[in-house]
Every structure is written in structure tokens, then in C-alpha cells.
Visitor: 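Here it is: the structure, laid out below.
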Amino acid sequence: MKIGILVNEGPYNHQASDTALNFCKAALAKGHTIWRVFFYYDGVLNAAPRAEPPTDDRNLFKQWGELAEKHGVDLVVCVAAGLRRGIREGDTAPGFRISGLGQLIEAGIQCDRLVTFGD
Amino acid sequence: MLHTVNKSPFEKNALESCLSHAVEGASILLIEDGVYAALGGTSTAARMAEAAKRFKVFVLGPDLAARGMDAGRLVEGVGIVDYEGFVDLVAEHPTSQAWL
Amino acid sequence: MDEMESGVVKKFMFVNRKAPYGTIYALEVLEMVLISAAFDQDVHLAFVDDGVFQLKKGQDTKALGQKNFSPTYRALDGYDIEKLYVEAESMAERGLTPADLLVPVEVLSRAEMGALMNEMDVVLTA
């Protein structure tokens, strides 16, 4: 099944990013396709470059990047929401790309399911 | 429809709003702080017990465990799923709606 | 764009449950709604719980330094987004009547709103 994901909140402040990641990993393990993860609102901060979480804590930026690298998951950061919060093309954590809100609507159209994680 | 609720019922009205909009046959998955709504011996337990008769209600086990709550405290009729079960619920229902 | 030529028309609903200005959700949902207009989908906007406050007439944000985006709701029909639904119980709980709203809407009971939500293919909330 083709599943699209919407992440509405940034990392750490809310559990949304953690839950979305755990959901994506479980879906991939079950043979589903995570067709796209779209980051909107403060969710764009999951793509923050140069973040350095304490080494005894999970690194959500890295975990998202690994999802893109190992499973080819398309991680899309909303350009408008990103610019508002200082996240821009060419200056994101690895694995993310910047594009328009249309990519979220497209995921809604193309995917069998769209699941939202937020606060 | 699969509804997800991630708010404590003691803080926000997300669960109450979800319950009053969900139609017969819907499934409700309580995640994150939403799992507190599934506990017995609380001021919301009766509401949840009644909801569990009309809807299929589940809690996300890892969120329950993280908060120091075990299955024995759940209101009768509430099931427990893990992340794989969450994925299955999404696959079983054509649409998911998050109550945030 | 390929997606605009796919021919698939789904029922989308944007569910607004939060008041404006205190958080950014109302504004950024609106930006999402405007983009959705380009995809020729069957778009529905629902205003429930504190979301009904988004449509209150007479918003004046000058002293906040924030943009008053409420006039945009009136411009939605120019984008062929005409299915705006407000929940009667949510309004009544908050002391509002349709006369308080800045745009013509269809008022639905909570039960009707629940039934409409249940018909959707894609539900987006914030």
C-alpha cells in the first residue's frame, strides 16, 4: 500500500516526529511503501541543518535522513513554511528536499492513505 | 474511518470532539498523551467504557508503557496495538483522521 | 504538472479546530487550502470547536503586528472553493451565531458534520 505522511510539528518539543518515524519504520517493515513524508508548520524544523542533539538522546534528524537513504523515502519540506522558519534549499539536514505545498496535495491524491502526525 | 487522538482528555477536548463526530463502525486509536483516556478509575473512564461499546478503541502499547501504565489499568473493551498494529489499522480503513 | 492531469478527483476535507493568531495553524491551513484549488479536487472546509473563531467578523490585528488573514476566507469562492461548513453546536457553545461570521457558510449539526467527515477520502487537520 502507498502511504503518505504529514508531519505538523518539529522534533523534540512534541512526540509527533517520533511517532511518525516509528510508524514509517513499521510500515516499511511490513512491506508498505512510504511514498512521501511532507513536513509542514513547525514540522519543517525536522530538516534543521547543524542540529546536534545530546549524544545520549535519539537523533531524529539523522533517523529521518536514514529513512531517505536506506528506503528511498521522499522527505519534502514545505518551501513557504520553511522560509518562514529559516529552513531553505541547500541548507537542510541530509535526505530532505524543499518543494511546494502542492506536493502534499499530490500525496493525498496519489497515496492510498494519508496519515497526519501533529499536536 | 480510523481516528487518532493524541491528547489527554484531562487537558484538551480532542477525544470528546472525536467521539461526538465518529460514526458507527469507526475505529479510534489513542496515541501519545491520548492513552490516558483509556485508563480505568478516572473521571473519564465511564465515557470511554461507553465509547468502547460503539467503536473499536485501541491504545498504542509503547505509549502506554512509556507512561508507566500497564494493560491491567485499561477500561474494558479497549485493545492494545503496537506500531505494526497501528499500520494495520491504517491499512484497514480507507481514511485516517487525526484529532490534534 | 502531472498531478493536475491525473484525472483523479478525491474528496478532501480541511478540518479547522483551532482559533486564529494564538497559533499559526489557521493561517497555514488556509495557505494549504489555496494551493489545493489548483488540483481540481473536491475540497471541503470544516470549522468545528475553536475553529469557528477563525470566521468571526471584525478581526483587527494591527496592535499584534500579525497579518489579519480573515479576508482571505471571503476570497475562497474566487478559487472555486465554496464548500465551507460550520458546526452549529460549536458556534452555540461559543456564543456565536451565523450573523457573527464574515462569510456565508453552510451550518451543519454535529451529527451531520460527523457524517460528512465520514464521506471524505483525505482529511487534513492541524
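In what follows, every heavy atom counts, from backbone to side chain, and hydrogens, waters and symmetry copies are set aside. Letters A, B, ... mirror the listed sequences (proteins, then strands); counts begin at 1.
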Visitor: Report, in residue-number order, which members of residues 72-83 of chain B are under 4.5 Å from chain C by heavy-atom distance.
Guide: none
Visitor: Heavy atom to heavy atom, less than 4.5 Å: which residues from residues 8-42 of chain B reach chain C?
Guide: B:Asn13, B:Ala14, B:Ser17, B:Ser20, B:His21, B:Val23
Visitor: Counting only non-hydrogen atoms closer than 4.5 Å, does C:Arg110 touch chain B with its backbone (N, CA, C, O), its side chain (CB onward), both, or neither?
Guide: both
Visitor: Between side-chain atoms of residues 20-35 of chain C and protein atoms elsewhere (two or more places apart, or another chain), which donor-acceptor pairs fall under 3.5 Å?
Guide:
unit_1: C:Tyr21; atom_1: OH; unit_2: C:Gln59; atom_2: OE1; d: 2.6
unit_1: C:Tyr21; atom_1: OH; unit_2: C:Asn68; atom_2: OD1; d: 3.2
unit_1: C:Tyr25; atom_1: OH; unit_2: A:Glu9; atom_2: OE2; d: 2.3
unit_1: C:Glu28; atom_1: OE1; unit_2: A:Arg85; atom_2: NH2; d: 3.0
unit_1: C:Glu28; atom_1: OE2; unit_2: A:Arg84; atom_2: NH1; d: 2.6
unit_1: C:Glu28; atom_1: OE2; unit_2: A:Arg85; atom_2: NH1; d: 3.1
unit_1: C:Glu31; atom_1: OE1; unit_2: A:Arg84; atom_2: NH1; d: 3.3
unit_1: C:Glu31; atom_1: OE2; unit_2: A:Arg84; atom_2: NH2; d: 3.0

Visitor: Is it the side chain or the backbone of C:Glu112 that comes within 4.5 Å of chain B heavy atoms, both, or neither?
Guide: neither
Visitor: Identify the two heavy atoms, one from C:Arg17 and one from B:Leu100, that lie closest to each other, and give their separation to 0.1 Å.
Guide: NH1-O, 2.9 Å
Visitor: Distance-only check: which donor-acceptor pairs under 3.5 Å involve side-chain atoms of residues 114-126 of chain C, not counting sequence neighbours?
Guide:
unit_1: C:Asp121; atom_1: OD2; unit_2: C:Lys11; atom_2: N; d: 2.8
unit_1: C:Thr125; atom_1: OG1; unit_2: B:Ala98; atom_2: O; d: 2.7

